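Predicted, not measured: the structure shown is a model, and the values here were computed from it. Residue numbering restarts at 1 for every chain, and letters A, B, ... go by the order of the sequence lines.
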Number of protein chains: 2
Amino acid sequence: MKRIKLRPGMARPGWDDPEDCRAVLKVLDRIGDKWTVMAVGALADGPMRFNAVLRLTGASHRMLTLTLRGLEAEGLVKRTAYATIPPKVEYELTRLGHSLIEPLQSIAAWAKRNRRAMETARAKFEAAKAE
Amino acid sequence: MKRIKLRPGMARPGWDDPEDCRAVLKVLDRIGDKWTVMAVGALADGPMRFNAVLRLTGASHRMLTLTLRGLEAEGLVKRTAYATIPPKVEYELTRLGHSLIEPLQSIAAWAKRNRRAMETARAKFEAAKAE
DNA sequence: CAGTATCCCGTCGGATACTG
DNA sequence: CAGTATCCGACGGGATACTG
């Protein structure tokens, strides 16, 4: 998804409370992007080394580093470096990070339920505009 | 959020079932971006005209059009044009669109609960790296 | 009022190369 | 192996102008 930039002039959506809308957007900004979802998913099973996450997610070296830094900064992921040679760094979800899995699964469940509906709707839409 | 581009070489995260991971990413791609969240939020209360959504969301003319087109294509929003002069176009959430509010609120609830924790974590992180 | 088209700049993110 | 730095192409998205 596109990076979310918060700006002054905009109002709050009505489905949720007045001001916390900002918080929601901010959080979506953090957890809504592809690599974050993949990384959290990868780490859901337990601690994992950098390269393991790299392979599992398919992210580029660069993006995974940035993503993990972001998650670490926000307290969602714990980073543990072992001063061995070669270095070994393990990442794991914090309690906070784990708690994120539940809402993500809420989305996941919705996605699974409605994927077909969306696909057929899209097909119909495409067909209609090419009449 | 950043647009999500699905690519071949990548595996599924473990927190969720094997293949539907793609569906989740695809859905996040659609519903995870700023303007979609804003638009769905704006329409949650009921049908609304284009310009009303425009003002409420703070989106640019262009982006709102694109966003609404996307939502319409996916069957989340219904578009009704009245052939008056000047034209009047109303948008409203479909049943499918409404069902999306629930998972979004799941995220919203998480965001509200953990916003503080994330902020302090970030502050601590910033402080630590500037020691 | 709603929608489309064009321009254009910022930034996201992949590839590559270099360090500890 | 893990992380940082640099380069650079691609595209997201705002501003603007023009139609029905």
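The CE atom of A:Met38 sits 14 Å away from the P atom of C:dG13 (whole-angstrom rounding). The distance between atom CZ of A:Arg69 and atom C1' of D:dA5, rounded to the nearest whole Å, is 14 Å. At whole-Å resolution of the value, CG in B:Leu54 and P in D:dG14 are 11 Å apart. Going from atom CZ of B:Arg62 over to atom C1' of C:dC8 covers 11 Å, rounded to whole Å. Note: NE2 (A:His61) to P (D:dA2) measures 8 Å, nearest angstrom. Taking atom CG of A:Asp29 as the reference point, atom P of C:dT11 lies 14 Å away to the nearest angstrom. Remark: C1' of C:dA2 and NZ of B:Lys88 are 13 Å apart, rounded to the nearest angstrom. Counting to the nearest Å, the P atom of C:dA2 and the CD atom of B:Glu90 are 9 Å from each other.
Using a cutoff of 4.0 Å between basic side-chain nitrogens and carboxylate oxygens, B:Glu72 and B:Lys78 are not scored as salt-bridged. Using a 4.0 Å cut-off between a side-chain N of Lys or Arg and a carboxylate O of Asp or Glu, A:Arg122 and B:Glu74 qualify as a salt bridge.
A:Leu54 and A:Val89 end up in the same hydrophobic cluster when Ile, Leu, Val, Met, Phe, Trp and Tyr side chains are linked at under 4.5 Å. By the rule that hydrophobic residues join a cluster once side-chain heavy atoms approach within less than 4.5 Å of another member, B:Val77 and B:Ile101 end up as members of one cluster.
For B:Met63, the listed nucleotide lying nearest its side chain is D:dG14; candidates were D:dG3, C:dG3, D:dG14. Proximity note for B:Tyr91 (side chain, C-beta onward) versus C:dA2, D:dC1, D:dG14: the nearest is C:dA2. The side chain of B:Arg79 lies closest to C:dG3 when the candidates are C:dG3, C:dG13, D:dG3.
When only modelled atom types and interatomic distance are considered, B:Trp35 and B:Thr57 share no side-chain donor-acceptor pair under 3.5 Å.
At C:dC1, none of the side-chain N or O atoms of B:Arg49 fall inside 4.0 Å of OP1 or OP2 (strictly under the cut-off).
Taking OH of A:Tyr82 as the reference point, atom CD of A:Glu90 lies at 4.5 Å (rounded to 0.5 Å).
Applying the side-chain hydrogen bond (donor to acceptor under 3.5 Å, both in side chains) criterion to A:Thr36, with sequence neighbours excluded, gives A:Asp33.
A:Ser106 contributes no side-chain N or O that, together with a main-chain N or O of A:Glu102, makes up a donor-acceptor pair within less than 3.5 Å.
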Dump the pairs, protein N or O against N or O of nucleotides 18-20 of chain D, anything under 3.5 Å, distances to one decimal.
none

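With a 3.5 Å limit on both pairing distances and Watson-Crick or G-U wobble geometry required, the stems of 3 or more pairs in DNA chain D span C:1-20 with D:1-20.
A pairwise comparison of heavy atoms in A:Pro87 and A:Arg49 identifies O-NH2, 3.5 Å as the closest pair.
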